[in-house]
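One is the number of the first residue; the rest follow in order along the sequence.
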Amino acid sequence: DQNERIEAASIIIAGLLEGDGVEEPVLFRHLAGRLFRGLASGRNASRLGFSIVLTEILGQLFGEKDLAGSKYTGLTFDKVLGTLVEKTDAGGSGNGQEERDHYFGQLFGIECFVRAGILFADKARWQAVLDLVLKLSQKKSWLKSQCGWIIVQAISQMEVELAEETLQKLADEGVAKTPEGVGIWIAALDRFPDMKMPKQP
């Protein structure tokens, strides 16, 4: 139930961050051991619930409140992103379903970073996430369209210069001529009709 999920997410967020908030080791333990690992759950409803919580926590850590810069200084962007990758790594999964769950978990986790609106104050953040999305899209053919959709969502948040760099990166990586690349191209042109396009393709 969507209302129950939102209410439960609000309770978790309040328990972790309201008032003085929990200590950094406690917050990291929840991020690593429950939330990121929970994204790899085989239950879709659980994955959605964890996504709501993560999006809000990431927004408070690296967004306007900048809790990572004031209270949780050990939780750097690179450390948190690396923890997502570690906890949703499909390497050594026992079977195809577990592998699928881990890939979807990583996909949902990356989308949390995008939806939190925290990637474009520092260009290096988006470059790290874009590299991760492109790497993930090569894992399985059925991940390509979802990875493309994540980039489309990101395009809607960035400035024109970064959009130009992103399209150039897609061209350099050979993604531009794929259906996903075309979709991203169209979304970028819709947002920035006068943007500079790569010479190829």
Side-chain angles (χ1 to χ4, degrees), residues 1-94 97-133 135-136 139 146-147 150 153-154 157:
D1 180 87
Q2 184 175 5
N3 291 330
E4 287 183 4
R5 184 183 302 131
I6 292 171
E7 183 178 353
S10 298
I11 291 169
I12 295 170
I13 294 162
L16 292 173
L17 297 179
E18 271 193 4
D20 292 334
V22 296
E23 295 299 313
E24 184 175 303
V26 176
L27 180 58
F28 181 71
R29 189 168 67 244
H30 276 79
L31 281 170
R34 290 289 297 156
L35 298 172
F36 285 145
R37 282 187 64 192
L39 291 175
S41 166
R43 300 188 311 174
N44 289 333
S46 296
R47 192 177 288 131
L48 288 170
F50 287 127
S51 295
I52 294 170
V53 176
L54 278 166
T55 299
E56 179 62 27
I57 290 176
L58 292 170
Q60 292 199 37
L61 281 175
F62 305 112
E64 190 173 334
K65 288 189 176 181
D66 191 28
L67 293 180
S70 56
K71 180 173 175 60
Y72 302 112
T73 54
L75 298 182
T76 64
F77 182 86
D78 289 341
K79 179 176 180 176
V80 174
L81 183 63
T83 303
L84 164 66
V85 176
E86 177 189 343
K87 296 302 179 182
T88 56
D89 181 19
S93 293
Q97 183 60 48
E98 288 182 11
E99 182 183 60
R100 177 183 178 277
D101 290 338
H102 280 79
Y103 283 140
F104 269 119
Q106 192 166 125
L107 190 72
F108 268 70
I110 294 169
E111 194 167 15
C112 290
F113 278 85
V114 174
R115 289 188 173 178
I118 57 171
L119 296 180
F120 304 107
D122 179 352
K123 187 167 67 172
R125 291 180 179 179
W126 169 239
Q127 290 170 340
V129 169
L130 179 59
D131 286 343
L132 191 55
V133 171
K135 182 179 178 182
L136 185 60
K139 299 288 187 182
Q146 293 300 315
C147 289
I150 287 175
Q153 292 179 77
Q157 299 178 32

Could you measure the distance from the [atom1] atom of [X] to the [atom2] atom of [Y]? Nearest 0.5 Å is fine.
X    : Y    : atom1 : atom2 : result
E56  : I12  : CD    : CD1   : 12.5 Å
T88  : L84  : OG1   : CG    : 4.5 Å
L48  : R5   : CG    : CZ    : 4.5 Å
K87  : R37  : NZ    : CZ    : 6.0 Å
E111 : L39  : CD    : CG    : 11.0 Å
F36  : F108 : CZ    : CZ    : 14.5 Å

(Q) Run the side-chain contact (heavy atoms from CB on, under 4.5 Å) test on D89 and E86 for me, step by step, so that the C-alpha distance in whole Å, both residues' side-chain angles and the decisive distance to 0.1 Å come before the verdict. (A) CA-CA 5 Å; D89 181 19; E86 177 189 343; 5.9 Å; no
Where [X] and [Y] come nearest, the two heavy atoms and their spacing:
X    : Y    : result
Q146 : L107 : CB-CD2, 3.3 Å
G15  : V22  : O-CG1, 3.6 Å
A116 : T55  : CB-O, 3.5 Å
G59  : I118 : CA-CG2, 3.9 Å

Any donor-acceptor pair under 3.5 Å from [X] side chain to [Y] backbone:
X    : Y    : result
E24  : G74  : yes
T73  : G69  : no
K71  : E23  : no
Q157 : V114 : yes

Q: For side-chain contact (heavy atoms from CB on, under 4.5 Å), just list the numbers for Q106 and L136, CA-CA rounded to whole Å, side-chain angles, deciding distance to a tenth of an Å, and then say yes or no.
A: CA-CA 8 Å; Q106 192 166 125; L136 185 60; 4.0 Å; yes
Q: Please work out which of the three classes, parallel, tilted or perpendicular, describes the rings of W126 and F120, given edges at 30° and 60°.
A: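 Ring orientation of F120 relative to W126: tilted.
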(Q) Is it the case that the ring center of F77 lies less than 6.0 angstrom away from the ring center of F113? (A)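 Yes, they do, as the ring centres are separated by less than 6.0 Å.
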Q. Given side chains that start at C-beta, do those of T83 and L31 come closer than 4.5 Å, heavy atoms only?
A.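 Not in contact.
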Q: Step through the shown structure and confirm whether more than 12 heavy atoms of other residues, nucleotides or ligands are within 6.0 Å of CD on E7.
A: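 Atom CD in E7 is not crowded, with 12 or fewer foreign heavy atoms closer than 6.0 Å.
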**Q.** CA sep, side-chain torsions, deciding dist, call: D101, R47, salt bridge (Lys or Arg N to Asp or Glu O under 4.0 Å)
**A.** CA-CA 10 Å; D101 290 338; R47 192 177 288 131; 3.7 Å; yes
Q: Go through L61 and D66 one step at a time and tell me if the side-chain contact (heavy atoms from CB on, under 4.5 Å) criterion holds.
A: CA-CA 5 Å; L61 281 175; D66 191 28; over 6 Å; no
Q | Test side-chain contact (heavy atoms from CB on, under 4.5 Å) applied to I150 and V129, step by step | A | CA-CA 10 Å; I150 287 175; V129 169; 5.5 Å; no
